[in-house]
Amino acid sequence: MTDPDDPSRLSDSPAEPAGLRESLRAASADVGSDAQLARLADRLGPLLGPVAPLAPAAAASRALGLKLGLAGAALVMAGGGAWLLASSPPAPVPSAAAPTQARPDPAPGPAAVVAPPAAPLDPSPSVEEPPKPLPSAANHAKGPAKPSPPAAQPTEAELLEQARSALKADPARALQRANEHAARFPRGVLVQEREVLAIQALRRLGRSAEAERRAEVFAKAYPGSAFARKLAAPP
Amino acid sequence: MDSAPSMRTIFDEHARYVIRTLRHLGVREADVEDVAQEVFVTVHRKLPEFEGRSKLRTWLYAICLRVASDHRRRAYVVRERATEEPPVDTGARSGDEADTTFESRAFVQELLGELDDDKRAVLVLYEIEGLTMREVAEVVGCPLQTAYSRLHAARDLLRQAWERSRKDDA
């Protein structure tokens with residue numbers, strides 16, 4: 001990208017020290033690694049939709065994309081629609097969690113953009129189907145401390161995809177999945193998405209008062225969120 | 001705009017630039033993937049609002065800037081600065097070329113570390129990411145003249161840091 005009014009870039013300017021120019025060129029040429037991209041693609045999971053042919057991301061994300069392809073076009077972000085708010089027909093619920101890495105919720109921290117919700121956003125204990133305890137906690141309470149294999153648990157994105165898929169046909173299951181997400185990933189990166197799904201599920205279950213209370217808390221926690229505006233819009 | 005790009009397309013075409021930019025904006029290597037994840041979650045949330053009035057890439061840079069800035073402000077980052085930094089995963093080639101490239105990139109990050117956030121952003125976007133100055137001003141959200149002033153000041157500081165580093169090596 002060039003503009004005739006712009007000054008020469010340092011890396012192109014012979015007046016600058018050669019070493020400085022070379023360092024800047026090296027910085028510009030840094031394209032990261034395929035392994036790093038694949039890890040990032042795995043973390044983002046269904047948010048990315050199916051893998052495009054010849055995508056540069058490596059095999060791990062490609063395998064995930066193929067699996068997600070089964071969920072159909074509902075996952076595709078084309079047209080600018082968010083998958084969580086999509087009005088497409090419900091896709092079949094994946095029968096099993098993918099053997100991708102489970103990302104347990106990190107310790108207090110990395111989520112300023114997706115700040116952890118205030119307490120009211122956490123699922124109420126009175127919710128019909130309380131979140132399941134973590135298998136690792138349930139199974140090993142009395143036994144020797146043995147970490148459960150990560151493949152046994154769905155990732156954040158997979159849990160929410162299961163919730164989204166179930167939303168229309170089985171909103172109770174969608175709510176249960178959202179609540180499980182809340183229990184396992186209270187400070188996850190998809191907190192907003194989870195709350196939107198929970199609110200939509202509550203509305204479908206006819207639990208309007210709970211839904212509106214939760215929507216109100218959501219709007220206060222994330223006043224600038226596109227989801228808040230959509231939730232507030234008349235159906 | 002014809003139609004909004006899919007998240008997959010955005011990721012495939014821009015993820016490498018996002019990671020690179022975050023690094024140059026001062027995100028530690030240990031945190032780059034976490035912060036890049038935040039960038040794409042933010043993109044996912046805001047994509048319905050993207051109206052194509054700016055180029056997708058400049059829109060993404062603006063998100064990177066905000067997310068990286070939020071990240072750096074978090075207290076735990078400051079607390080953990082003393083911890084050991086893992087090697088930069090840049091996909092460099094093996095052998096001497098890799099060593100030289102690695103050193104050059106690490107050196108640039110060291111130099112950039114001497115700039116404040118405003119100057120650093122302008123310098124990274126113009127000198128490394130190759131945006132025009134109009135685009136830089138749009139991304140950082142300042143008047144064009146202010147962006148020029150920041151670039152001028154950032155270049156001076158960069159040259160001074162370079163000279164110092166040469167003297168230290170000598």
Side-chain angles (χ1 to χ4, degrees), chain A residues 1-3 5-7 9-11 16-17 19-20 22-37 39-41 43-44 47-52 55-57 65 76-83 85 106-114 189-190 192-193 225-227 230, chain B residues 3-9 11-12 15-16 19-20 23-24 31-42 44-50 66-67 70-71 73-74 76 89-92 100-101 104-105 107-109 111 126-135 148 151 155 158-159 162 166:
Chain A
M1 289 182 263
T2 57
D3 186 321
D5 293 334
D6 286 347
R9 290 189 167 78
L10 293 181
S11 56
E16 303 297 336
L20 179 59
E22 281 166 21
S23 294
L24 287 169
R25 280 193 206 112
S28 297
D30 173 10
V31 291
S33 71
D34 286 345
Q36 194 167 39
L37 284 179
R39 285 195 300 271
L40 185 55
R43 285 171 168 219
L44 291 164
L47 257 64
L48 297 182
V51 176
V76 181
M77 297 290 297
W83 60 279
L85 296 176
V113 169
V114 284
V189 295
L190 300 173
Q192 289 190 44
E193 284 78 358
S225 169
F227 292 148
K230 291 197 176 189
Chain B
S3 65
S6 70
M7 279 297 293
R8 172 56 67 181
T9 302
F11 182 86
D12 285 349
R16 291 176 192 275
I19 290 171
R20 178 174 74 197
R23 254 188 218 127
H24 289 136
D31 299 328
V32 157
E33 287 176 32
D34 285 340
V35 180
Q37 183 178 2
E38 287 185 32
V39 166
F40 281 101
V41 169
T42 304
H44 166 251
R45 290 185 183 140
K46 293 184 176 293
L47 193 57
E49 299 171 10
F50 177 65
R66 276 196 301 276
V67 174
D70 288 345
H71 170 77
R73 283 189 193 124
R74 282 174 215 148
Y76 82 94
D89 183 3
T90 59
T100 307
T101 305
S104 294
R105 290 170 182 168
F107 183 55
V108 166
Q109 290 188 40
L111 293 179
Y126 187 71
E127 302 288 358
I128 297 176
E129 295 304 315
L131 270 62
T132 67
M133 282 305 290
R134 283 184 194 284
E135 289 170 334
Y148 275 123
L151 178 67
R155 283 177 159 187
L158 192 73
R159 291 186 188 105
W162 168 264
R166 296 299 91 187

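Throughout, protein chains are lettered first and strands after them, A, B, ... in sequence-line order, and every chain is numbered starting at 1.
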Salt bridge B:Asp34-A:Arg43, side-chain N to carboxylate O under 4.0 Å: yes
Contact check, side chains of B:Phe11 and A:Leu47, non-hydrogen atoms, under 4.5 Å: no
Min side-chain heavy-atom separation B:Met133-A:Asp5 under 4.5 Å: no
Which portion of B:Val39 sits near chain A, non-hydrogen atoms under 4.5 angstrom: neither
Side chain to side chain donor-acceptor pair (under 3.5 Å) involving A:Arg25 - partner list, sequence neighbours excluded: none
Shortest non-hydrogen contact from A:Gly19 toward B:Trp162: C-CH2, 3.1 Å
Flag side-chain contact, heavy atom, 4.5 Å: A:Asp30 against B:Arg23: yes
A:Glu22 side chain near B:Val108 side chain, heavy-atom distance below 4.5 Å: no
Distance in Å, B:Met7 CE paired with A:Leu48 CG, rounded so as to fall on 0.5 Å steps: 5.5 Å
Side chain proximity check, A:Glu193 to B:Arg45, heavy atoms < 4.5 angstrom: yes
Heavy-atom side-chain contact between B:Leu151 and A:Pro7 under 4.5 Å: yes
Beyond-backbone contact of B:Val41 with A:Gln192, side-chain heavy atoms, under 4.5 angstrom: no
For A:Ser28, all residues meeting side chain to side chain contact (heavy atoms under 4.5 Å, CB included), sequence neighbours excluded: B:Ile128
Atom group of B:Glu127 that falls short of 4.5 Å from chain A, counting heavy atoms: both
Distance (rounded to the nearest 0.5 Å) between A:Leu40 CG and B:Phe40 CZ: 6.0 Å
A:Leu44 side chain reached by B:His44 side chain, heavy atoms, under 4.5 Å: no
Contact leader toward chain A among B:Arg155, B:Lys46, B:Arg159, B:Glu49, where contacts are heavy-atom pairs under 4.5 Å: B:Arg155
